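First the proteins, then the strands, lettered A, B, ... as listed; each starts at 1. Please read these numbers as outputs of a predicted model, since none were measured by experiment. Below, each value reflects all heavy atoms present in this structure, side chains not excepted, and no hydrogens, waters or symmetry copies.
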2 protein chains.
Amino acid sequence: MLETKKPVKRYRKKRAESSSDDRAADIYRVAAELIREKGFDATSMSEIAQAVNLTKAGLYYYVPGKEELLNGIVRYGMETIEHGVVVPCQAIEDPAQRLREVVRRHTLLLTQIGGAITILTDEINGLSPKHRRAIVAKKRSYLEFVRETLEILKLRGLLRECTVGLLSMNIFSAILGVARWYRPGGQFEGAEVADEVADFVMAAVLKA
Amino acid sequence: MLETKKPVKRYRKKRAESSSDDRAADIYRVAAELIREKGFDATSMSEIAQAVNLTKAGLYYYVPGKEELLNGIVRYGMETIEHGVVVPCQAIEDPAQRLREVVRRHTLLLTQIGGAITILTDEINGLSPKHRRAIVAKKRSYLEFVRETLEILKLRGLLRECTVGLLSMNIFSAILGVARWYRPGGQFEGAEVADEVADFVMAAVLKA
DNA sequence: TGCATTCTACCGAGCGGTCGGTAAAACTCA
DNA sequence: TGAGTTTTACCGACCGCTCGGTAGAATGCA
């Protein structure tokens, strides 16, 4: 996740079941889940602290501030998209296949580590202007990547007749919408949803 | 200590020309816009008061409380959907035509009175459990309406092969996603977007 | 005058964040 | 090895501030 302190065995009082690798990463993970459920403003530092068995003061030993906490989560989400979607898909030559993989992989990530990626798209208002600009820029370049893929499809006459700018927005709507309702352990598996969303998008994009 | 009393100099500001009757409606409208821009928690009652040229106490003459304010906005949004989408579309016999109109009309409303309808889908967490349940129930029946339309299409062999439950979620994703990016006065007209989203959905739904 | 409207002045609760302090683990080095 | 020292990991108490909300006086209008 993000840089953390030395790997020191802890066993203070209760809890501290080793299992997870390190405390700070734990905190960021739990915080991401809480923030996704209740929203950034509605989630207090005390709540987050309680959720990881700390007092607020104890929490501040690991986290420099609320805004930085959010920033860490968002940056992690962005990196996950970068490594898990953009990089592998840039290697795909066929534009239709590439688009399909973008949609499938992004949706799959959403179902797997929902917290960070959902927050990434929903809570950028809580960020400082500097951090917000950085995130917005990355999102824009991701959008551009998808747009270019659509342009290639258009050139080859494979695209349904439509406005490419609006089409790309619709595609992101379909992907990000999953975060609105999907909950792990529910009726559908992540892979199932990812395939279905990919089918949905491809049917909407390609010429009939 | 220092003298703190201020002179009782006061002046009377001319009231806006609007009649006092729709002052409350004005307030709800402005509040909806503010809340959509900044989020419910991040929008304070003082800000809302300022936006309608009142002090906070003055605002409370018209509004019983923050939660009730949100509830009023959300209920208005729900009624708008009801009268502007569900009722007119229930009268349409042809399932494909009906689905198309649902998507088009809902999207169009989103671009026209974005505030209330966006909040309707994004800020239900701020509601009291009672009010939240009521809204969730209405949303569910709306979803069911769309689902049934899809089932009819399936029976007639017009539906692309897919899971209907997931398809309906994808359709709502496409509609609601517009609220994420659309701003009046931008690059696209509301009607343009509504048609494009409707095309997108129909292409994704119907058998090729 | 009486009523509708809007004000000033204030409250308690909860927020993000800090401070001083400390038990126990980890690190020295004779 | 073990006494002395430093570091890690945390807590209780508290601070300044803003929030939603209220009491009651002041004002405008019929």
Side-chain angles (χ1 to χ4, degrees), chain A residues 3-18 20-27 30-31 34-35 38-73 123 125-128, chain B residues 1-27 31 34-35 38-73 123 125-128:
Chain A
E3 62 204 316
T4 50
K5 291 298 167 188
K6 313 283 295 277
V8 180
K9 293 276 188 179
R10 301 251 5 100
Y11 71 96
R12 195 172 182 81
K13 292 217 163 186
K14 33 185 164 179
R15 280 251 47 174
E17 282 298 317
S18 49
S20 70
D21 35 13
D22 121 353
R23 203 76 206 271
D26 237 35
I27 289 171
V30 171
L34 279 177
I35 290 172
K38 314 187 28 173
F40 180 65
D41 292 312
T43 305
S44 72
M45 292 302 266
S46 313
E47 280 177 286
I48 295 169
Q50 219 168 2
V52 292
N53 276 316
L54 283 176
T55 57
K56 195 173 30 155
L59 174 64
Y60 270 86
Y61 176 76
Y62 293 98
V63 169
K66 204 187 184 191
E67 199 262 323
E68 263 304 327
L69 175 61
L70 177 61
N71 189 48
I73 292 170
E123 306 278 5
N125 290 342
L127 260 46
S128 71
Chain B
M1 248 178 118
L2 302 170
E3 41 186 323
T4 55
K5 267 303 148 203
K6 295 171 60 179
V8 200
K9 167 94 172 244
R10 52 177 71 255
Y11 65 99
R12 207 68 240 139
K13 206 183 244 178
K14 247 196 304 191
R15 257 259 309 281
E17 67 248 30
S18 63
S19 71
S20 57
D21 270 0
D22 18 54
R23 195 77 208 266
D26 245 32
I27 289 171
L34 279 177
I35 290 173
K38 314 187 27 173
F40 180 65
D41 292 310
T43 307
S44 72
M45 293 301 267
S46 313
E47 280 177 288
I48 295 170
Q50 217 170 357
V52 294
N53 275 316
L54 282 176
T55 58
K56 191 167 42 147
L59 172 64
Y60 269 87
Y61 177 75
Y62 294 97
V63 170
K66 203 187 184 189
E67 200 263 325
E68 263 306 326
L69 175 62
L70 176 60
N71 188 50
I73 292 170
E123 305 277 5
N125 291 340
L127 260 45
S128 69

- Message: The side chain of A:A57 is closest to which nucleotide in this list: D:dG20, D:dA13, C:dC7?
- Response: D:dA13
- Given atom CE of B:M45 and atom C1' of C:dC10, what is their separation to the nearest angstrom? 17 Å
- Given DNA chain C, 5'-ward residue of the pair B:K56 and A:S46, judged by closest heavy atom: B:K56
- With respect to the phosphate group of C:dT6, does any side-chain polar atom (N or O) of B:Y61 fall under 4.0 Å of OP1 or OP2? no
- Item | Check: B:E123 and B:T43 side chains under 4.5 Å, non-hydrogen atoms | no
- Query: Once you round it to whole Å, what is the distance between C1' of D:dC11 and CD of A:Q50?
  - Reply: 14 Å
- Query: When rounded to the nearest 0.5 angstrom, what is the spacing between CG in A:L59 and CD1 in A:I48?
  - Reply: 6.5 Å
- Query: Contact class for B:S44 vs. all strands (heavy atom < 4.0 Å): base, sugar-phosphate, or nothing?
  - Reply: sugar-phosphate
- Round to a whole Å and report the spacing from CD1 of A:I27 to P of D:dA9. 11 Å
- Task: For atom CD of A:E68, decide whether the heavy atoms of other residues, nucleotides or ligands shown that lie under 6.0 angstrom number more than 12.
- Result: yes
- Give A:L59 one of three labels, base, sugar-phosphate or nothing, depending on what nucleic acid heavy atoms sit under 4.0 Å from its own. nothing
- Message: Between B:K56 (side chain only) and B:S44 (backbone N and O only), is there a donor and an acceptor less than 3.5 Å apart?
- Response: no
- Task: Just compare C:dT6, C:dG16, D:dG21 and give me whichever is closest to any side-chain atom of A:Y60.
- Result: C:dG16
- Query: Rounding to a whole Å, what distance do you find between A:L54:CG and D:dT8:P?
  - Reply: 17 Å
- Query: Quick one: is B:R23 getting a side-chain N or O under 4.0 Å of the C:dA4 phosphate, OP1 or OP2?
  - Reply: no
- Message: Is the phosphate of C:dT6 approached by B:Y62 (side-chain N or O, under 4.0 Å from OP1 or OP2)?
- Response: yes
- Item | Rounded distance (Å) that lies between atom C1' of C:dG14 and atom NZ of A:K66 | 12 Å
- Query: Given atom CG of A:N53 and atom C1' of D:dA9, what is their separation to the nearest angstrom?
  - Reply: 14 Å
- Message: When you measure from the side-chain N and O atoms of B:T55 to the phosphate of C:dC7, is any distance below 4.0 Å, counting only OP1 and OP2?
- Response: yes
- Query: Sub-3.5 Å donor-acceptor pair from the side chain of B:K66 to the main-chain atoms of B:G126, do we have one?
  - Reply: no
- Return the 5'-most residue of the pair A:P64, A:E47 with respect to DNA chain C, ranking by each residue's nearest nucleotide. A:E47
